[in-house]
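Reviewing the structure listed below.
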There are 2 protein chains.
Amino acid sequence: MKTNESNPVIKGSLSTIIMKLLENNSRMYGYEMTKAVREITQNKMNITEAALYPALHKLLDEGLLETTTEQVDGRMRKYYALTKKGKKETIVKIDALKDALESVQILLNSKLGNE
Amino acid sequence: MKTNESNPVIKGSLSTIIMKLLENNSRMYGYEMTKAVREITQNKMNITEAALYPALHKLLDEGLLETTTEQVDGRMRKYYALTKKGKKETIVKIDALKDALESVQILLNSKLGNE
DNA sequence: CTCTATACCTAATCAAATTATGTATATGCA
DNA sequence: TGCATATACATAATTTGATTAGGTATAGAG
């Protein structure tokens, strides 16, 4: 099922969100991330797998994540974790995204006309 | 000059930002919007004209904005204003964007691992 | 007479998401 | 037994939206 009737993900923030999840958890697998985002945001945000997996693969290519694969209950699980480089980069990315979010909020909350 | 060394704009939020500016000001021209955004965000965000004008034209096509052109000091100015439809849509869009921003912030501020 | 600011704009490209599928196992339930 | 749902991975085609890189033109400062 391809449920997606929740809020649009803020474009460009997906990779930072992934890295933040992994900063908190040390390792997670893709499907788990989609559930975690729904839970944390109370279903307001939904990461689709079609967006998630390419993003994960890109972060792997960039050397920011590494993987270990396990068999659990007969199903495959590919765990992702931050590399050393990834941990450093996570801090930078979270900071930049917070700044950007704040700027948008300042704009959205501005009351005065600009003369 | 194509200055752009400020924060990346949160992708997908540009049209909402434009509409918010016009909610505050009743009418503005493009170049004025780029300056307003820099001023309000203290240079943290920069709307490039290459992103702005296509976005304005799209909002025009959707019937959310309307224009009036004036000659000021020998230079052309194309003023944009919200239509009735645009005013309604502005409220909806701002609300949706605020929700989305909040969800991202909740994610970025979440401290606990997800078990 | 040149540089900066003002003021509009588009074309080509790139990045990142969505839409639409595809594979496969495990589990609940009727 | 058989079907739906949940788990778990993934890709291809398309669309959307911004970036990069230009272009035109007037006004004013030095």
Side-chain angles (χ1 to χ4, degrees), chain A residues 1-19 27-39 45-62 65 67-80 93 97 100 104 114, chain B residues 1-19 27-39 45-62 65 67-80 93 97 100 104 114:
Chain A
M1 188 181 46
K2 297 295 162 194
T3 40
N4 201 348
E5 205 42 63
S6 47
N7 268 343
V9 172
I10 304 295
K11 300 198 188 198
S13 63
L14 180 54
S15 61
T16 308
I17 289 168
I18 290 169
M19 291 171 83
R27 70 171 202 170
M28 290 181 89
Y29 53 100
Y31 189 74
E32 187 184 12
M33 294 180 193
T34 68
K35 285 190 295 176
V37 167
R38 275 193 297 271
E39 278 164 35
M45 190 184 291
N46 185 46
I47 305 296
T48 62
E49 290 169 82
L52 177 67
Y53 289 113
L56 286 170
H57 299 159
K58 200 192 170 200
L59 291 170
L60 269 180
D61 288 346
E62 292 167 351
L65 301 186
T67 55
T68 50
T69 303
E70 278 179 34
Q71 202 77 11
V72 179
D73 294 328
R75 276 188 241 94
M76 181 176 50
R77 270 190 199 171
K78 199 163 164 185
Y79 284 99
Y80 293 84
K93 281 198 174 194
L97 182 52
V104 177
N114 200 263
Chain B
M1 189 181 45
K2 297 294 164 197
T3 41
N4 201 347
E5 206 41 60
S6 46
N7 267 344
V9 173
I10 304 292
K11 301 200 186 195
S13 63
L14 180 55
S15 62
T16 308
I17 288 169
I18 290 168
M19 291 171 84
R27 71 170 201 172
M28 291 180 91
Y29 54 99
Y31 189 73
E32 188 184 13
M33 294 180 193
T34 69
K35 285 190 298 176
V37 167
R38 276 193 297 272
E39 280 165 34
M45 190 183 291
N46 185 46
I47 304 298
T48 62
E49 289 169 81
L52 176 67
Y53 290 111
L56 285 170
H57 300 157
K58 200 192 169 199
L59 291 170
L60 270 179
D61 288 346
E62 291 167 351
L65 301 185
T67 55
T68 52
T69 302
E70 276 180 38
Q71 201 78 10
V72 179
D73 294 327
R75 278 189 239 91
M76 181 176 50
R77 271 191 198 168
K78 197 162 163 185
Y79 284 99
Y80 292 84
K93 281 198 176 196
L97 183 52
V104 177
N114 200 264

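Naming convention: chains lettered A, B, ... in sequence-line order (proteins, then strands); numbering from 1 in each chain.
- OP1 and OP2 of D:dT19 both lie 4.0 Å or more from every side-chain N or O belonging to B:K11.
- A:R27 pairs by the side-chain hydrogen bond (donor to acceptor under 3.5 Å, both in side chains) definition with A:E70, not counting sequence neighbours.
- One finds a side-chain N or O of A:Y31 lying less than 4.0 angstrom from the OP1 or OP2 phosphate oxygen of D:dT7.
- Between B:L52 atom CG and C:dA7 atom P the separation is 13 Å, expressed in whole Å.
- Minimum interatomic distance between A:L56 and A:G30 (heavy atoms only, all atoms of both residues): CD1-CA, 4.2 Å.
- In this view, B:Y31 satisfies the side-chain hydrogen bond (donor to acceptor under 3.5 Å, both in side chains) rule with no residue, not counting sequence neighbours.
- Between B:A55 and A:V72, the residue anchored closer to the 5' end of DNA chain D is A:V72, taking for each the nucleotide with the nearest heavy atom.
- Taking atom CE on A:M76 and atom C1' on C:dT23, their separation rounds to 10 Å, with Å as the unit.
- Between B:H57 and C:dC8 there is no side-chain N or O to OP1 or OP2 distance below 4.0 Å.
- Between A:I47 atom CD1 and D:dT7 atom P the separation is 17 Å, expressed in whole Å.
- At C:dA7, one or more side-chain N or O atoms of B:R75 fall inside 4.0 Å of OP1 or OP2 (strictly under the cut-off).
- Taking atom CZ of residue B:R27 and atom C1' of nucleotide C:dA7, one finds them 15 Å apart after rounding to whole Å.
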* To do: Evaluate the side chain to side chain contact (heavy atoms under 4.5 Å, CB included) criterion for residues A:V104 and B:M45: first the C-alpha distance (whole Å), next the side-chain angles of each, then the deciding distance (0.1 Å), finally the verdict.
  => CA-CA 8 Å; A:V104 177; B:M45 190 183 291; 3.5 Å; yes
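- In this structure, the CE atom of B:M33 is 15 Å from the C1' atom of C:dT6, given to the nearest Å.
- No side-chain heavy atom of A:I47 sits less than 4.5 Å from a side-chain heavy atom of A:M33.
- Between A:K35 and D:dA6 there is no side-chain N or O to OP1 or OP2 distance below 4.0 Å.
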Polar pairs (N or O, both sides) under 3.5 Å between protein and nucleotides 1-5 of chain D?
none

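- Per the geometry, CG belonging to A:D73 stands 13 Å off P belonging to D:dC9, to the nearest Å.
- The nucleotide whose nearest atom lies closest to any side-chain atom of B:Y53 is, among D:dA18, D:dA10, C:dC8, C:dC8.
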* A:S15 vs A:K58, side chain to side chain donor-acceptor pair (under 3.5 Å): CA-CA, chis, key distance, verdict -> CA-CA 9 Å; A:S15 61; A:K58 200 192 170 200; over 6 Å; no
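- A donor-acceptor contact under 3.5 Å is formed by the side chain of B:E49 with the base of C:dC8.
- Here the side chains of A:T48 and A:N46 are in contact, with some heavy-atom distance below 4.5 Å.
- In this entry the distance linking CG of A:L56 with C1' of D:dC9 reads 11 Å, nearest Å.
- Phosphate proximity of D:dG17 to B:K58: present, with a side-chain N or O under 4.0 Å from OP1 or OP2.
- Heavy atoms of A:R77 sit under 4.0 angstrom from primed sugar atoms or phosphate atoms, though from no base atom.
- Here A:Y29 reaches the OP1 or OP2 of D:dA8: one of its side-chain N or O atoms lies under 4.0 Å away.
- Nearest heavy atom pair, residue B:M28 against residue B:E32, reads CA-OE1, 3.2 Å.
- A:Q71 places its CD atom 10 Å from the P atom of C:dT25, with the value rounded to the nearest Å.
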